[in-house]
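Read the structure below first, then the notes.
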There are 2 protein chains.
Amino acid sequence: MNCPSYTRFFETFSNKTRMKIIAELISGAKSVNYICKRINEEQSKVSHNLKKLSECNFINVKAEGKKRIYSLNKDTIKPILKLVEKHVKTYCNEECHKK
Amino acid sequence: MNCPSYTRFFETFSNKTRMKIIAELISGAKSVNYICKRINEEQSKVSHNLKKLSECNFINVKAEGKKRIYSLNKDTIKPILKLVEKHVKTYCNEECHKK
DNA sequence: AATTCATATGAAATAGAAATCATATGGGAT
DNA sequence: ATCCCATATGATTTCTATTTCATATGAATT
């Protein structure tokens with residue numbers, strides 16, 4: 001097992017801002033500013049995090065005029081989120097959220 | 001989508017030591033000291049990380065004399081790792097590992 | 001070619017996680 | 001009851017990721 005690849009994969013997911021972006025993109029491709037408004041986060045913060053998501057190929061971009069439209073790589077994201085959801089439902093309670 | 005649960009989930013995976021522990025436990029349940037030897041990491045480091053894995057229900061413990069035997073929650077771990085592997089194979093190259 | 005809008009980027013500041021080290025706990029053997 | 005082995009825990013230090021802020025880039029519009 002290639003541990004660095006795996007940890008990098010999970011690391012990219014393991015951030016609240018990025019998770020909000022992913023959640024937002026589930027309903028469809030969106031521009032940076034639109035994402036910002038929707039999730040109520042600053043533009044540069046969102047851009048930095050979009051970059052990380054891109055580097056891991058969790059999202060794709062296309063240009064549209066001066067806007068850049070980001071979309072999810074659904075092949076990867078959807079099945080993963082489904083598994084997580086299952087685990088969370090089965091195993092997670094208040095205990096899980098104690099630090 | 002419950003973002004904090006999700007990020008906690010991925011956070012727990014996103015650490016090299018914990019990933020090594022998981023990889024080690026795939027081949028079967030093991031005691032703390034045995035894990036330490038196999039992955040060549042210090043005992044207290046391993047214990048701290050086992051705790052985090054436990055809190056997320058990624059692993060289970062049972063006592064056996066003075067030893068504590070940890071085992072994987074295969075329901076969750078195996079399918080997840082399979083998906084990650086697929087993604088890594090399809091999408092990851094040197095680019096992915098640039099910081 | 002100057003202005004504006006949308007986004008990206010770099011560097012510094014901040015926050016947060018992980019490792020480390022010293023010590024505590026707890027079971028079993030003597 | 002004392003000692004030893006296996007593991008856990010708390011506090012501090014160290015390391016790394018994230019945010020922030022200021023600025024750059026780049027496409028379209030005038």
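In what follows, every chain begins at residue 1, and chains take the letters A, B, ... in the order their sequences are listed. What you see is a predicted model, and the numbers here were worked out from it, not measured in a lab.
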To the nearest Å, give me how far apart [atom1] ([X]) and [atom2] ([N]) are.
X      : N       : atom1 : atom2 : answer
I35(A) : dA6(C)  : CD1   : P     : 14 Å
L50(A) : dA6(C)  : CG    : P     : 16 Å
L53(A) : dA17(D) : CG    : P     : 15 Å

Those residues that, when tested against [X], pass side-chain hydrogen bond (donor to acceptor under 3.5 Å, both in side chains) (two or more places apart):
X      : result
K20(B) : E41(B)
S54(B) : none
S71(A) : none

| request: Could I get the full list of salt bridge (Lys or Arg N to Asp or Glu O under 4.0 Å) partners for K30(B), not counting sequence neighbours? | output: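 Per chain and number, K30(B) pairs via salt bridge (Lys or Arg N to Asp or Glu O under 4.0 Å) with E24(B).
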| message | Once rounded to the nearest 0.5 Å, what's the spacing between atom CZ of F13(A) and atom CG of L53(A)? | response |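 Atom-to-atom, F13(A):CZ and L53(A):CG are 8.0 Å apart.
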Under 3.5 Å, sequence neighbours excluded: what are the donor-acceptor pairs made by side chains of residues 74-88 of chain B?
from, atom 1, to, atom 2, distance (Å)
T76(B), OG1, H87(A), ND1, 2.5
E85(B), OE2, K89(B), NZ, 3.4
H87(B), ND1, T76(A), OG1, 2.5
H87(B), NE2, C56(A), O, 2.8

Could you tabulate the donor-acceptor pairs under 3.5 Å formed by side-chain atoms of residues 58-70 of chain B, not counting sequence neighbours?
none

| Set of residues satisfying side-chain contact (heavy atoms from CB on, under 4.5 Å) with respect to N49(A), sequence neighbours excluded |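 In terms of side-chain contact (heavy atoms from CB on, under 4.5 Å), with neighbours along the sequence ignored, N49(A) is linked to N15(A), T17(A), R18(A), I21(A), K45(A).
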Review item, nucleotides 18-24 of chain C N/O atoms under 3.5 Å of protein N/O:
from, atom 1, to, atom 2, distance (Å)
dA18(C), OP1, R18(B), NH2, 2.7
dA18(C), OP2, K52(B), NZ, 2.7
dA19(C), OP1, T17(B), OG1, 2.9
dA19(C), OP2, N49(B), ND2, 3.1
dT20(C), O4, H48(B), NE2, 3.2
dC21(C), N4, S44(B), OG, 2.8

| request: Tell me which residues in residues 61-70 of chain B put a heavy atom below 4.0 Å from DNA chain D, sorted by number, or none. | output: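 K66(B), K67(B), R68(B), Y70(B) - these, ordered by number, are the residues of the stretch whose heavy atoms sit under 4.0 Å from the strand.
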| Strand contacts (DNA chain D) in residues 20-34 of chain B, 4.0 angstrom heavy-atom criterion |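 S31(B), V32(B), N33(B), in order of number.
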| query | Counting N and O atoms only, with roles assigned by atom type, does the side chain of S47(A) sit under 3.5 Å from a partner on the main chain of S44(A), one being a donor and the other an acceptor? | reply |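 No; judged by distance alone, with no hydrogens or angles, the pair does not exist.
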| request: Sequence neighbours left out, what pairs pass ring-ring contact (aromatic ring centres under 6.0 Å, His included) with at least one residue falling in residues 17-36 of chain B? | output: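 Every candidate ring-ring contact (aromatic ring centres under 6.0 Å, His included) pair involving residues 17-36 of chain B fails, so no pair, neighbours aside, qualifies.
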